[in-house]
Amino acid sequence: AVFAIKRFKKKKQPKCGRMLPSSKIEDEIAIMMQLSHPNILRLHEVIDDCEQGIVYIVMEYAAGGDIFPLKNVNGSDDLGCDPFNDDVKLIDQAKQIANGLSYLHECRIVHRDIKPQNLLLGSGNRVLISDFGESEVFDDSGKGAERKGSPAFMAPEQKRGDPLNHASDIWSFGVVLFLAKFGQFP
């Protein structure tokens, strides 16, 4: 079997001299450990190398890479992509992303960084939502959610720093779909 490995250097704690993973890494691991869905990148193992001060997150390998690559368009600094010409493929991938997001939201997790680079293609063209480094468990008030994510894909309330819930992921998903269909941002 082939796996992907995410490697993090631990931060040294000044008072005790011990190396500890940052709370962001711990949060990402805690969220990924809760998840089991065909459209969510699967966590296999966490290896804590205390001697080297490194944490390894061993995950499912997505051989297809990003769902679609972003690139500069028209010789400018504007980002875009080649539009999907196959509506059947686009609809299939959209359904898979929607299924994965629905599962996350049922688990009360807001991803906060839905973008093409975090939507990967695994075996059999299965779409996998990945990178839970900005994710957070939400309550009905959205209390505690901070402004995080990629600005081009952020919902207006996310850009303002307002409380978040699953709706911000739906907005980002819409931006991804628009970009996939038309090759440019809305």
Side-chain angles (χ1 to χ4, degrees), residues 1-13 15-67 93-150 153-155 158 163-173 176:
V2 178
F3 300 96
I5 299 176
K6 202 172 186 179
R7 179 178 181 262
F8 295 97
K9 186 106 172 125
K10 294 186 201 179
K11 294 180 180 175
K12 195 167 200 169
Q13 297 298 313
K15 290 185 181 177
C16 62
R18 293 184 323 172
M19 301 290 280
L20 298 174
S22 74
S23 61
K24 182 177 175 182
I25 298 166
E26 290 171 339
D27 291 347
E28 181 173 3
I29 291 168
I31 285 173
M32 289 185 75
M33 289 177 76
Q34 296 177 48
L35 304 175
S36 178
H37 187 275
N39 299 113
I40 304 292
L41 192 73
R42 185 170 165 226
L43 171 70
H44 287 280
E45 185 176 2
V46 177
I47 301 168
D48 188 353
D49 183 342
C50 296
E51 286 185 20
Q52 297 296 316
I54 297 171
V55 174
Y56 298 93
I57 302 176
V58 182
M59 301 169 289
E60 175 179 4
Y61 178 66
D66 298 355
I67 193 169
Q93 291 184 350
K95 284 180 186 177
Q96 292 183 62
I97 298 166
N99 286 337
L101 284 176
S102 178
Y103 172 76
L104 285 178
H105 299 155
E106 287 170 15
C107 295
R108 310 206 50 80
I109 295 168
V110 59
H111 187 280
R112 297 196 301 187
D113 201 18
I114 296 296
K115 60 184 179 181
Q117 297 92 328
N118 292 338
L119 301 169
L120 307 177
L121 288 174
S123 61
N125 284 322
R126 188 168 45 100
V127 178
L128 301 164
I129 298 172
S130 69
D131 195 348
F132 292 87
E134 303 298 340
S135 300
E136 187 172 297
V137 176
F138 66 90
D139 60 23
D140 289 328
S141 71
K143 188 169 65 175
E146 299 172 24
R147 181 181 174 212
K148 293 186 178 178
S150 299
F153 297 92
M154 280 183 182
Q158 198 171 359
L164 301 180
N165 60 27
H166 64 282
S168 63
D169 284 346
I170 302 303
W171 174 281
S172 300
F173 175 41
V176 168

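Heavy-atom basis, side chains included; hydrogens, waters and symmetry copies ignored.
For the residue pair N39 and N99, no side-chain donor N or O sits within less than 3.5 Å of a side-chain acceptor on the partner.
Contact detail for F132 and I31: the closest heavy-atom pair is CD2-CG2, 4.1 Å. Residues S168 and V110 come closest through the heavy atom pair OG-CG2, 3.6 Å. Across every non-hydrogen atom of S130 and L119, the tightest pair is OG-N, 4.4 Å. Nearest heavy-atom pair across Q34 and Y103 is O-OH, 3.7 Å.
Remark: Y56 engages no residue in a ring pair (Phe, Tyr, Trp, His ring centres under 6.0 Å) (not counting sequence neighbours). Residues satisfying the side-chain contact (heavy atoms from CB on, under 4.5 Å) criterion with Y61, sequence neighbours excluded, are V2, A4, A63. Shown here are the ring pair (Phe, Tyr, Trp, His ring centres under 6.0 Å) partners of F8, two or more places apart in sequence or in another chain: there are none.
Under the 3.5 Å distance criterion, the side-chain polar atoms of D169 are matched with a main-chain donor or acceptor of H111. Judged by distance alone, the side chain of E134 and the main-chain N or O of D113 form no donor-acceptor pair under 3.5 Å.
To the nearest 0.5 angstrom, I57 atom CD1 is 10.5 Å from M33 atom CE. Of the inter-residue distances, the one linking N118 atom CG with R112 atom CZ reads 13.0 Å to the nearest 0.5 angstrom.
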Discussion item. Assess the residue pair D131 and K6 against the criterion (side-chain contact (heavy atoms from CB on, under 4.5 Å)); give the C-alpha distance rounded to whole Å, side-chain angles, the decisive distance to 0.1 Å, and a yes or no.
Written reply: CA-CA 10 Å; D131 195 348; K6 202 172 186 179; 3.4 Å; yes
Discussion item. Salt bridge (Lys or Arg N to Asp or Glu O under 4.0 Å) for E60 and R126? Distances and angles first, verdict last.
Written reply: CA-CA 12 Å; E60 175 179 4; R126 188 168 45 100; 2.5 Å; yes
Worksheet item: Does the pair M59 and F3 meet the rule for a side-chain contact (heavy atoms from CB on, under 4.5 Å), with working shown?
Response: CA-CA 6 Å; M59 301 169 289; F3 300 96; over 6 Å; no
Worksheet item: What do the steps show when you test L35 against R42 for side-chain contact (heavy atoms from CB on, under 4.5 Å), and what is the final call?
Response: CA-CA 8 Å; L35 304 175; R42 185 170 165 226; over 6 Å; no
Discussion item. Walk me through whether V127 and L121 qualify under side-chain contact (heavy atoms from CB on, under 4.5 Å).
Written reply: CA-CA 5 Å; V127 178; L121 288 174; 4.0 Å; yes
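L120 has its side chain within reach of D66: a pair of non-hydrogen atoms, C-beta onward, lies under 4.5 Å apart. When side chains are defined from C-beta on, V55 counts as touching I29, because their heavy atoms get closer than 4.5 Å.
Using cut-offs of 30° and 60° on the angle between ring planes, the pair H105 and H166 is tilted.
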